[in-house]
Amino acid sequence: MKRIRAIVVLVSGVIMAGGSAWTAVPDQEAAKLKSALTPLGGERAGNKEATIPAWDGGYSKVPPGYKSGQPRPDPFAGEKPAFSITAANMAQYASKLDEGQQYLLKKYSNYRIDVYPTHRTAAAPDWVYAETFKNATRAKLDGYTVKNAYGGIPFPIPKNGAELLWNHSLRVRPAAFSFPFNTYTIDPNGTVTLASSALNEFTLPYYIKGGTPESLKDGVYFEVLQAVTGPPFRAGELLMFHDQLDNTRPAWQYLVGQRRVRRAPTICCDTPNFVNSGVDFFDQAFVFMGPIDRYDWKILGKKEMYIPYNSNRYVMAHDKDVVGPHFANPDYVRWELHRIWEVEGTVRAGQRDVRPRRKIYFDEDTYIAVIDNAWDGNGTLWHTSIGFPFIEFEVPAIGMEVFLTMDLIKGTYTSTPIGDQPVQIKVEEPWPDKYYTPEALARKGVR
């Protein structure tokens, strides 16, 4: 706990403002990644109460017979919850619950949080550890632009909130992967409606082994091609964008019926997400995704909190089993106690967003944004987004591609499970740059 308080003192009050330049950490501080800190920057030690264990290298065992694209087994399937949090006892655990979970516990008498033993399963390939160590002393943040980073967490010893946002955006992932999914919207009456079925094909040039910061063409770190397959009136729609280290997102859309590709400059930020029927906003995909420059991001500190973790059971479950009438089925959600970074975003001068204030919680071992809470202009808690980190044995890594977002004011939510898919998240060979061009998008158009 002394170490946690020391970190809080160090980072409290540090605000990332547009136009500021931040330097890499000195060699002696980076050396902690080989001693007191894990190779990605989490604290190796457990907590005093032993409810958070020490990190022992993570989980990298591939189950016998497993192949990428198959449902990922739950290595902790035999475990039972240590206890459950309900409205009746939530006051006892309130300091370790985010605002969204407290709201849900108060509103729904049948909502609960099943807390399981904590397993620090975060792992990464050795070459990613090596690149992360290099990033500690070479990567810099110039305004909102990342420079001189490649192949690992860019800021493993983060000094400000913007660095944590970038750590999430550049979290450890395969160099390329695909997955089909269904997105559902659930109305206040609990009616479930299919909003979209689609196939995502992702390439991450940033995580192609053997590259360098100089090898990233135009600073593109993440390329997406999404092909909508249903419902019938939307089948054939295509969406493509490039996320870049200069904090920009060129995007294109193929429009059904018009048979043409158009630039899509609003596929970002607080634009309602048409993939999910507008229940959430584009930057709430994967809890947070995209440019970060609308906000000043301030680290509030580091603390222990209950978050979804090791969610293999949730990820491989059938859609109907996890999509509940008002919230995700608690029977399938595994919560664990982990240390998290708590970051507050407030809209900065000269910018606008329909959510003036947000709080994002990042897992210390992976920098995955696990929960994002957003308030409206009246200061009312409006949206809560929840991610479900799972073990990707074949990378190895902790993945987080399955998530949901709840509109707490309207009582609606959107959920994107993958359990009904015959092929789930599958590691692929990277697609070439020419696959993610407007010309290639036009050739794929069929309606």
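- Residue pairs meeting the salt bridge (charged side-chain N to carboxylate O under 4.0 Å, His left out) criterion with at least one partner in residues 408-418, sequence neighbours excluded, do not occur; the list is empty.
- A donor-acceptor distance shorter than 3.5 angstrom exists from the side chain of R249 to the backbone of I267, with no hydrogens or angles considered.
- With no hydrogens or angles considered, no side-chain donor-acceptor pair links H119 and N310 at under 3.5 Å.
- Counting only N and O atoms by type, the side chains of T185 and T193 include no donor and acceptor under 3.5 Å apart.
- Salt bridge annotation for D270-R352: present, with a cationic side-chain nitrogen under 4.0 angstrom from a carboxylate oxygen.
- Among residues at least two apart or in separate chains, salt bridge (charged side-chain N to carboxylate O under 4.0 Å, His left out) pairs with a member in residues 96-111 are E99-K359.
- A donor and an acceptor atom, one from each side chain of T384 and N373, are located under 3.5 Å apart.
- Ion pairing between a basic and an acidic side chain is recognised when a charged N comes within 4.0 Å of a carboxylate O; R173 and E392 show no such pairing.
- Side chain of R120 to main chain of P53: a donor-acceptor pair is present (N/O by atom type, distance under 3.5 Å, no hydrogens or angles).
- Y295 and D353 share a donor-acceptor pair across their side chains, judged by distance under 3.5 Å alone.
- With hydrogens and angles left out, the side-chain atoms of Y436 and T203 include a donor and acceptor closer than 3.5 Å.
- In this structure, K426 and F177 have side chains that are not in contact, with every pair of non-hydrogen atoms separated by 4.5 Å or more.
- Proximity of T380 to W375: side-chain heavy atoms (C-beta onward) are nowhere separated by under 4.5 Å.
- Minimum heavy-atom separation, V287 to G387: CG2-N, 3.4 Å.
- Side-chain polar atoms of S178 and E428 form a donor-acceptor pair below 3.5 angstrom.
- Using a 4.5 Å heavy-atom threshold, the side chains of R358 and E344 count as separate.
- Using modelled atom types and a 3.5 Å distance limit, the side chains of H338 and E364 yield no donor-acceptor pair.
- Between the side chains of T366 and D363, at least one donor-acceptor pair of N or O atoms lies under 3.5 Å.
- If you check the side chains of D114 and S84, you find a donor sitting under 3.5 Å from an acceptor.
- The shortest distance between side-chain heavy atoms of K159 and I157 falls below 4.5 Å.
- Using a 4.5 Å heavy-atom cutoff, the side chains of N167 and F362 are not in contact.
- Side-chain atoms of D293 and Q351 form no donor-acceptor pair, as typed in the model, at a separation below 3.5 Å.
- A donor-acceptor pair under 3.5 Å links the side-chain atoms of W55 to the main chain of A122, judged by distance alone.
- At least one side-chain heavy atom of P75 sits under 4.5 Å from a side-chain heavy atom of F393.
- H326 and Y108 have parallel rings, their planes meeting at less than 30° on a 0 to 90° scale where 60° marks the start of perpendicular.
- Y103 contributes a side-chain N or O that, together with a main-chain N or O of L408, makes up a donor-acceptor pair within less than 3.5 Å.
- For H242, the side chain to side chain donor-acceptor pair (under 3.5 Å) criterion is met by no residue, not counting sequence neighbours.
- Between the side chains of Y435 and E223, no donor-acceptor pair of N or O atoms lies under 3.5 Å.
- A donor-acceptor pair under 3.5 Å is absent between the side-chain atoms of T271 and the main chain of F282, judged by distance alone.
- Ion pairing of D372 with R355 is absent here, as no side-chain N (NZ or NE/NH1/NH2) approaches a carboxylate O to less than 4.0 Å.
- A salt bridge does not link K67 to E394: none of the charged nitrogens lies less than 4.0 Å from a carboxylate oxygen.
- At a threshold of 4.5 Å between non-hydrogen side-chain atoms, the residues F181 and E401 do not count as touching.
- Checked by atom type and distance alone, the side chain of H168 pairs as donor or acceptor with a backbone atom of A369 at under 3.5 Å.
- In summary, the side chains of T183 and N276 do present a donor paired with an acceptor at a separation below 3.5 Å, with no hydrogens or angles considered.
- Residues Y184 and N182 bring a donor and an acceptor atom of their side chains to less than 3.5 Å of each other.
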